[in-house]
Amino acid sequence: MALLQALVNGVLVGGVYALVSVGLTLVFGVMEIVNFAQGEFLMLGMYIAYLGFVGFHLDPLVSALLAFGLLFGLGMAIEAGLVRPVLKGSQLGHIFLTVGLSVALQNGALALFGGDFRAVQTPYQVSALALGPVRLSVPYLLAFGWAGAVSAALHLFLTRTGFGRAMRAVAANSTAATLCGVNVARVRMVAFALGCGLAGLAGAVILPYAYVFPTVGFQYIVIMFTVVVLGGLGNVNGAIAAALLVGVVQSVSTLFFPTVLENLLVFTLFVLVLSIRPAGLLGRAHAL
Amino acid sequence: MLEIRELFAWYGVIEALHGVSLAVQAGERVAIIGPNRAGKTTILRAISGLVRRQGARLHFDGRDLSALAPHLIPALGIAHVPEGRQVFAGMSVEDNLLAGAHAAPWGSAQRRRRLDEVFALFARLKERRRQASETLSGGEQQMLAIGRALMLGPRLLMLDEPSQGLAPRAIGELYQGLDTIAAQGTTAILLVEQSAARALEFASRAYVIENGIVALEGPSARLARDEAVRASYLGI
């Protein structure tokens with residue numbers, strides 16, 4: 001019974017990991033840059049939801065849309081102003097830029113909000129649904145619902161719309177995409193902005209059960225990279241599968257190990273999977 | 001339709017084309033032959049804007065191509081099938097084809113009709129429409145690359161070494177398809193080929209490129225009788 005409960009918890013948490021990670025893998029797939037500032041966009045999304053809650057009594061699950069929109073806009077500006085100029089250069093340039101961005105955003109948040117841990121009090125914060133013998137935490141369930149909706153929307157966007165198809169074409173082969181008349185620079189800008197927007201949305205969605213502080217992104221970036229590499233860099237479906245796996249492994253491992261060691265099994269699995277399949281569970285995707 | 005005069009192109013600081021002049025009329029079949037690294041591929045890349053280039057004239061239907069960003073060129077009706085096929089791996093055959101119509105100013109009904117035309121031309125693609133493109137054979141991938149280019153409804157179809165790496169039988173099927181396209185008369189074909197015999201047989205006119213310049217040009221039949229061409233490219 002404890003195992004069933006752990007599995008359910010793991011799937012719920014894993015869904016949120018998917019939401020947090022999917023933007024990172026999307027940006028890598030389309031642009032071949034690793035955005036080390038992805039955790040900070042999550043942090044900004046949390047602060048936006050926090051301010052929405054404190055200032056306007058907006059539920060974080062509603063201000064998630066606001067966080068998505070604002071960070072999408074910020075992402076467009078950052079791509080056009082900062083990322084595009086270094087995109088043609090070496091990978092070292094990409095790393096310096098995104099790590100620098102991460103430091104700047106952390107310290108900007110520190111200057112604006114101070115270093116305090118902040119949280120919101122929602123009415124459903126500690127409530128749970130009983131489903132037979134299994135208890136479902138409501139904030140996790142709601143976050144999982146958002147994760148499912150976003151994954152489905154992203155899937156439809158990438159497979160059913162002309163722009164989504166163009167984005168996959170750019171990920172697969174940007175020169176051939178240009179020859180099909182795809183404006184590669186614009187696709188990259190939208191992909192980067194989507195990555196930022198999704199991280200911001202994820203930040204707002206986890207706020208009902210997580211503290212926000214300027215360096216909170218660091219807590220999540222490790223999980224993000226684990227999930228993205230485990231699933232296969234640039235592979236959206238792979239990231240979702242890996243996120244669920246990581247959530248379940250973490251959760252189940254707490255049955256046997258103390259909670260502080262919840263990542264022990266995750267990283268053991270990580271090393272094992274990569275030693276057998278160096279390209280990740282589903283492999284490097286050609287087209288997201 | 002396509003007019004090029006004194007075209008220069010560069011890879012970094014290295015000049016690859018040293019003043020190439022070339023023209024393609026509507027519906028015409030033109031071949032570009034010549035040795036490896038002579039600049040054949042570069043001519044196509046220069047037309048599509050994939051390399052830095054400058055010319056006294058680089059016009060398509062009176063529009064100056066050098067003033068356009070590369071992604072705006074296909075919409076004029078210029079489709080480029082790149083060397084090595086370069087299909088979109090990880091995407092289905094049908095998604096590859098639909099991506100080819102990205103620049104076309106069409107509604108979904110017209111796009112469907114175009115898709116059916118491509119399937120009529122290459123029936124094999126229809127059988128495999130749901131299959132991931134990288135799992136196709138080389139010949140099928142070349143058909144897909146050409147089909148993707150045709151989705152644009154181009155008036156100029158540029159092909160870069162379409163027979164490269166294909167089995168003789170696949171090459172035969174491929175040229176049958178190209179004959180059908182050319183016979184419709186609405187699409188001119190500019191063909192870069194390593195196999196000069198094939199190219200001269202297919203095209204009505206040809207250019208011989210050597211060291212980044214046009215060494216010879218004329219009707220294919222005349223070039224096929226030319227002593228120098230026969231010795232260098234036809235192996236006779």
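First the proteins, then the strands, lettered A, B, ... as listed; each starts at 1. Since the model is a prediction, treat every value here as computed from it, not as a measurement.
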Measuring from [X]:[atom1] to [Y]:[atom2], what's the distance to the nearest 0.5 Å?
| X | Y | atom1 | atom2 | result |
| --- | --- | --- | --- | --- |
| B/E94 | B/R130 | CD | CZ | 5.0 Å |
| B/L50 | B/Y11 | CG | OH | 8.5 Å |
| A/R168 | A/T159 | CZ | OG1 | 6.5 Å |

Legend entry - Contact origin within B/L72 toward chain A - heavy atom pairs under 4.5 Å: neither

Legend entry - chain A contact via B/A75 - side chain, backbone, both or neither, heavy atoms under 4.5 Å: neither

Inset, instruction - Verify whether the ring centers belonging to A/F36 and A/F225 lie closer than 6.0 Å. - result: yes

Legend entry - Side-chain heavy atoms of B/P154 within contact of B/I78, under 4.5 Å: no

Legend entry - Heavy-atom check, side chain of A/L74 versus side chain of A/L44, under 4.5 Å: yes

Inset, instruction - Taking heavy atoms only and a threshold strictly under 4.5 Å, list by residue number the residues of residues 179-201 of chain A that touch chain B; give 'none' if the list is empty. - result: A/L179, A/C180, A/G181, A/V182, A/N183

Legend entry - Pi-cation contact, B/F119 with B/R129 (under 6.0 Å, within 45°): no

Legend entry - Heavy-atom pair count under 4.5 Å with chain B, highest-scoring of A/A172, A/A166, A/A176: A/A176

